[in-house]
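Here's the structure, in structure tokens; my notes come after.
Whatever order the structure lists them in is the order used to number ligands and atoms, beginning at 1. No experiment lies behind these values; they were computed from the predicted model shown. Counting begins at 1 with the first residue of the sequence.
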Amino acid sequence: MVNISRVTILGSTGSIGQSTLDVVARHPDRFLVYAISAHSRIDLLAQQADTFNVAVVIVPDDSAAQRFRAVWTGNKPIPEIRVGAAALADTAADSNCDVVMAAIVGAAGLPAALAAAQAGKRVLLANKEALVAAGALFMAAVREHGAELLPIDSEHNAIFQCLPHDGRASAPAGPAPGVRRLILTASGGPFRTRQWSELTEVTPEQACAHPNWSMGRKISVDSATMLNKGLEVIEAHWLFAMPAERIHVVIHPQSVVHSMVEYEDGSVLAQLGQPDMRTPIAYGLGFPERIDSGVGLLDLALAGRLDFAAPDVHQFPCLNLSFQALKAGQGACIALNAANEIAVDAFLNRRTAYTNISRIIEATLDWHAAQASTLLNSLEDVLVVDQLARTFAGNSSLVSR
Ligand code: NAD
Ligand code: MG
């Protein structure tokens with residue numbers, strides 16, 4: 001007899017959110033969905049709420065709440081509708097849920113992910129930007145409030161699986177004993193074989209056409225620029241208490257090896273699988289047990305070969321900028337992430353060129369380095385720097401209005 005876990009999914013209409021519901025639906029005896037949220041696609045939110053009999057939905061504003069009421073066709077009573085960003089954080093900390101899937105995209109997801117950690121929940125963290133912007137704060141909250149933190153990003157989930165643990169997922173105080181390096185794999189995205197100078201004219205559609213993974217638009221562009229891998233280096237630094245110089249990146253176009261841990265004796269442990277986020281999601285939901293995710297067999301004979309190569313820093317300037325930010329400190333990481341969100345949004349809306357993304361980030365990091373350093377002891381401190389960096393990046397002459 002297993003206890004039923006009550007799950008809240010922040011960002012349920014996104015790529016990770018939908019995959020989470022897919023896994024949850026396979027285990028009605030283990031999970032019930034307490035609350036779900038969406039920023040847009042309110043019709044889909046209503047469908048999900050109906051299918052999963054959720055108690056609470058969270059929408060961004062009153063007009064979205066009205067829309068939800070208008071499209072509700074279920075014969076069942078309509079769920080409680082909570083409105084606004086504060087409702088996301090309140091619901092993440094709600095005593096009626098045990099597990100919070102943090103699957104909002106961007107730093108917008110930080111307050112709610114942090115609230116879940118502060119409430120001592122099991123936090124399934126897909127929202128890597130939360131850790132990039134507030135790693136120290138977030139990990140301190142996990143420790144202080146006894147939260148269980150399970151990384152959902154496939155690389156970090158792979159590393160977590162390859163590290164020793166005792167059936168609980170708490171924040172480590174230092175690098176795991178005996179570990180030499182963490183090796184993050186990167187597919188190289190859709191432009192892996194193209195030169196940087198050839199990419200000025202690429203379109204959002206081309207940048208979002210990831211060869212292996214189907215994901216939201218922002219992370220798809222991040223994968224193309226490899227800023228995603230940079231964010232993941234910073235994420236790994238915080239999750240595994242690992243210094244930057246012991247985190248390495250290797251290009252692996254097939255995305256079968258999801259990442260590796262190298263030990264002092266030369267052993268390298270890897271986690272392999274199909275590129276399907278339902279595997280890390282099921283791992284996080286079931287931990288420490290293994291549960292069905294719906295992912296089929298891995299046919300290595302069909303894959304045929306697994307290739308690896310060093311990333312070319314000229315081809316992927318965003319990767320270097322991320323290492324620079326990590327070495328410079330938390331404020332620089334906030335600026336890196338904020339500038340990237342602004343630049344990617346501008347690119348997706350055809351207001352800047354693909355190759356300007358790294359330029360906008362670099363200019364914002366330079367701007368940040370020239371500012372007097374500020375304390376980053378609270379969520380409010382982090383959000384102030386985040387906002388200033390967004391304003392700077394948004395005013396860049398590289399972004400057309
Ligand atoms: P997505 O764009 O498909 O979905 C994002 C979700 O967040 C949607 O439900 C959307 O309504 C909601 N949202 C967007 N802006 C919001 C805001 N301002 N306030 C509240 N909610 C908002 O994104 P995704 O691909 O599912 O990625 C979600 C997170 O998971 C990202 O941080 C991403 O980096 C991470 N991640 C995704 C994948 C993947 O395969 N998709 C893999 C690893 C990590
Ligand atoms: Mg990843």
Worksheet entry | Numbered atoms and elements of ligand 1 in range of Ser40, under 4.0 angstrom, heavy atoms | 11 (O)
Worksheet item: Atoms of ligand 1 less than 4.0 Å from Ala126 heavy atoms?
Response: 30 (O), 32 (O), 35 (C), 36 (N), 44 (C)
Worksheet item: So which heavy atom in the protein is nearest atom 29 (C) of ligand 1, and how far is it from that ligand atom?
Response: Ile104 O, 3.7 Å
Fill in: Closest protein heavy atom to atom 5 (C) of ligand 1, given as residue, atom name and distance to 0.1 Å
Val105 CG1, 3.8 Å
Worksheet entry | Basic-acidic side-chain contact under 4.0 Å: Asp50, Lys76 | yes
Worksheet item: If you measure from each heavy atom of Lys218 to ligand 1, is any distance below 4.0 Å?
Response: no
Worksheet item: Looking just at side-chain N and O atoms, do Gln254 and Asn212 make a donor-acceptor pair shorter than 3.5 Å?
Response: no
Worksheet entry | N/O separation below 3.5 Å, Glu129 to ligand 1 | yes
Item to complete: Check all N, O or S atoms of Glu155 and name the one closest to the Mg ion (ligand 2).
Response: OE1
Discussion item. Any salt bridge linking Arg82 with Asp94? Criterion: basic side-chain nitrogen under 4.0 Å from a carboxylate oxygen.
Written reply: yes
Discussion item. Does Arg168, at its CZ atom, have more than 12 non-hydrogen atoms belonging to other residues, nucleotides or ligands within less than 6.0 Å?
Written reply: yes
Worksheet item: Of all the non-hydrogen atoms in the protein, which one sits nearest to atom 22 (C) of ligand 1, and at what distance?
Response: His39 CB, 3.3 Å
Worksheet item: Any idea which protein heavy atom is nearest atom 36 (N) of ligand 1, and the distance to it?
Response: Ile219 CD1, 3.6 Å
Practice prompt. Please work out whether the ring planes of Phe392 and Trp367 are parallel, tilted or perpendicular, with thresholds of 30° and 60°.
Written response: parallel
Item to complete: Say whether Met277, considering both its backbone and side-chain N or O atoms, lies within less than 3.5 Å of an N or O atom on ligand 1.
Response: no
Discussion item. As a test of reading the structure, name the N/O/S atom of Asp153 that is nearest the Mg ion (ligand 2).
Written reply: OD1
Discussion item. Tell me the protein heavy atom at minimum distance from atom 34 (O) of ligand 1, and give that distance in Å.
Written reply: Lys128 CE, 3.2 Å
Practice prompt. Run the salt-bridge test on Lys218 and Asp345 with the 4.0 Å N-O cut-off and return the result as yes or no.
Written response: no
Worksheet item: Of all N, O or S atoms in Glu232, which has the smallest distance to the Mg ion (ligand 2)?
Response: OE2
Practice prompt. Using distance alone, decide if ligand 1 has a nitrogen or oxygen within less than 3.5 Å of any nitrogen or oxygen in Ala108.
Written response: no
Discussion item. Check this for me, if you would: do Glu205 and Arg350 make a salt bridge, where the nitrogen-to-carboxylate-oxygen distance has to be below 4.0 angstrom?
Written reply: yes
Discussion item. Is the ring pair His252/Phe308 parallel, tilted or perpendicular, if the boundaries are 30 and 60 degrees?
Written reply: parallel
Worksheet item: Would Asp22 and Arg278 pass as an ion pair if we require N to O under 4.0 Å?
Response: yes
Practice prompt. Please determine if Ile16 has a nitrogen or oxygen closer than 3.5 Å to a nitrogen or oxygen of ligand 1.
Written response: yes
Worksheet item: Taking both backbone and side-chain atoms of Thr13, is any N or O found less than 3.5 Å from an N or O belonging to ligand 1?
Response: yes
Worksheet item: Taking N or O atoms only and a 3.5 Å limit, does Met215 qualify as a polar contact for ligand 1?
Response: no
Worksheet item: Would you call the rings of His165 and Tyr283 parallel, tilted or perpendicular, where under 30° means parallel and over 60° means perpendicular?
Response: perpendicular
Fill in: Ser15-ligand 1 polar pair, N/O distance under 3.5 Å
yes
Fill in: ligand 1 to Arg217 polar contact by distance, N or O atoms, under 3.5 Å
no
Item to complete: Could you tell me whether Glu289 and Arg30 have a side-chain N and a carboxylate O separated by less than 4.0 Å?
Response: yes
